[in-house]
Amino acid sequence: MRFPQSLFLLAVTGSAARASSDKVARPRGVAPEFAKYYQDQETFTCITSPAVKIPFSAVNDDFCDCPDGSDEPGTAACSHLSRNSPLTVADHPGNSDLDPSLALPGFYCKNKGHRPSFVPFQRVNDGICDYELCCDGSDEWARVGGTKCEDRCKEIGKKWRKEEEKRQKSMTAALKKKKELLVDAGRQVQEIEDYIRRLEAEVKGSEVKVRGLEANLKKVEEEERKVVRTSGKGKGKVNALAGVAKARVEELRLALSNVRQQRDDLRSQLKELEDILSKFKVEYNPNFNDEGVKRAVRSWEDYAAREMSTGEIAAEELDLDMITRADDENSGVHWQHWENTEDGCNDSEILYKLAAWLPPTLVNFLEDQYFSVKSFLESRGFISKTEEDSGSESKALTEARNALKAEEDSLMEIKNKLRDERADLEKDYGTAGIFRALKGQCVQQDAGEYTYEHCFLESTKQLQRKGGSSMSMGKFVRIGSTSVEEVNEAGEVVSVEKIALEYDRGQHCWNGPNRSTKVVLECGEQNEILKTAEDEKCVYSMLVTTPAVCAGGEENDGAPRSKDEL
Ligand code: MAN
């Protein structure tokens, strides 16, 4: 159910109380609030043109005397005149500067048993019963052409009261829903504010971590530099490696010499034994039939036959001699060459070489300056990153760098979330932010071959009822307003300003614009699409009811006000 407003009837409401002050009977068609102008029974002064005075007998004589038509409240004699707002005229009686226009809102119908109202003067005595405005039929008092309009106020009033009761109930339910929406919207704002506070605390925590990790990285970098400086002694890593390798080779060479010495001792012992056994073989008595001695002699003869050739032994000895020689020239490794190599001695090492001649405090200062200028130039791409910074850094340095990068990324992510949430709080969500509570809620309406869909503050869609394909009719842009022409209860076309949700950048229309939709909102108990129209090719309008735009309900809701309310 929607709730139209009747400006025409509103003008009448509340005027009855003043009627009791009337001293004389009011002329036909005069509403109680205008009775005061018709008190003088001798002379009538035109209401907005007091300079014009006529005999009272000329009132309602079916001849238009006054420029504002006030002398003809009960006939159509002045109906050719136009009408300003009834309030304007009633509030400024006697103001002759006003345009000559009707001073009265229309012919007053008492409508006993229903609500009083005004009928436009053109419809007085036109031979048609205007029951929707004048249920007592008093507008057709002259019975033109035999028209007799009986009083139907009893039944019409009863029906109206029943409908009005329904309307009021629906209005009460709509207001209750609106209040719930306001509470929901307020709660959402509260949640966002809480979330923002949490994010702010996280940002602070993360910033502290970043500072700690920056300091740690600096420390690790410094340590790394010291390691390179001391281990390389200013000659580079190959030099350091050559130093270590040379020491190790020397150890092994000495061990080999010792083993050769032990071997030579054992060889001379073996020679002694072999000589004993050779002698034994020559000198033993074969006639002495001792089986153990005979077996020992045979084993010796087999052993002596297996003896290695002296040529092989000599070659091996030569190799071992070469390996165990202490001088570089003949050992096969030219240590001097490696120890003196400038292995891509980089720019930072030049600094280390220089450092050997400078005081330590100056060295530290120069180092810091050097590295900050270098990293500045690298970060801006003026120079390329050196190998020392990329591939060859220590595990500790990589870990420190990665930990800092991870924390910086996380800080950036939190800051982005914070920025988005703050921006959302600033966004226009309508009066008291009520549309927050409706955001994302969807309603549909079947119309012809399509089902139309409206998702509040998100999108509008046109769905094929057969086949189910979906066409975007626009994405939410802003909450705006639009003026809509409406026919009020007096049958007049009036322009009313309504809230409109605007959606554009929908699917492109062949030979036309991108689809767009204006969703005009009306007060109603339900969120419901009443009508969808394609006003121009691919330019759509929807009429949607929602409790969110019903009047009132914002008081004591605790929800924050929108920017334009403050
Ligand atoms: C589809 C629908 C219509 C629209 C035409 C334009 O059929 O979206 O509403 O007018 O395309 O080609």
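Numbering of ligands and ligand atoms starts at 1, following listing order. Start at 1 with the first residue, then count along the sequence.
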Test log, rule side chain to side chain donor-acceptor pair (under 3.5 Å), inputs Gln445 and Tyr452: CA-CA 5 Å; Gln445 179 212 28; Tyr452 289 98; over 6 Å; no
Thr517 side-chain N/O to Val519 backbone N/O, donor-acceptor pair under 3.5 Å: no
Identity and separation of the nearest protein heavy atom to atom 4 (C) of ligand 1: Glu534 OE2, 3.5 Å
Protein heavy atom at shortest distance from atom 7 (O) of ligand 1: Tyr450 OH, 3.1 Å
4.5 Å side-chain heavy-atom contact, Val124 and Trp141: yes
Shortest protein contact, atom 8 (O) of ligand 1 (heavy atom only): Gln462 OE1, 2.6 Å
Heteroatom distance test (Lys537, ligand 1): nitrogen or oxygen, under 3.5 angstrom: no
Atom 11 (O) of ligand 1 [closest protein heavy-atom partner, distance rounded to 0.1 Å]: Arg515 NH2, 3.0 Å
Flag if over 12 foreign heavy atoms under 6.0 Å of NZ, Lys461: no
Ion pair Arg197/Glu191, N-O distance below 4.0 Å: no
Cys509: numbered ligand 1 atoms lying under 4.0 Å from its heavy atoms: 6 (C)
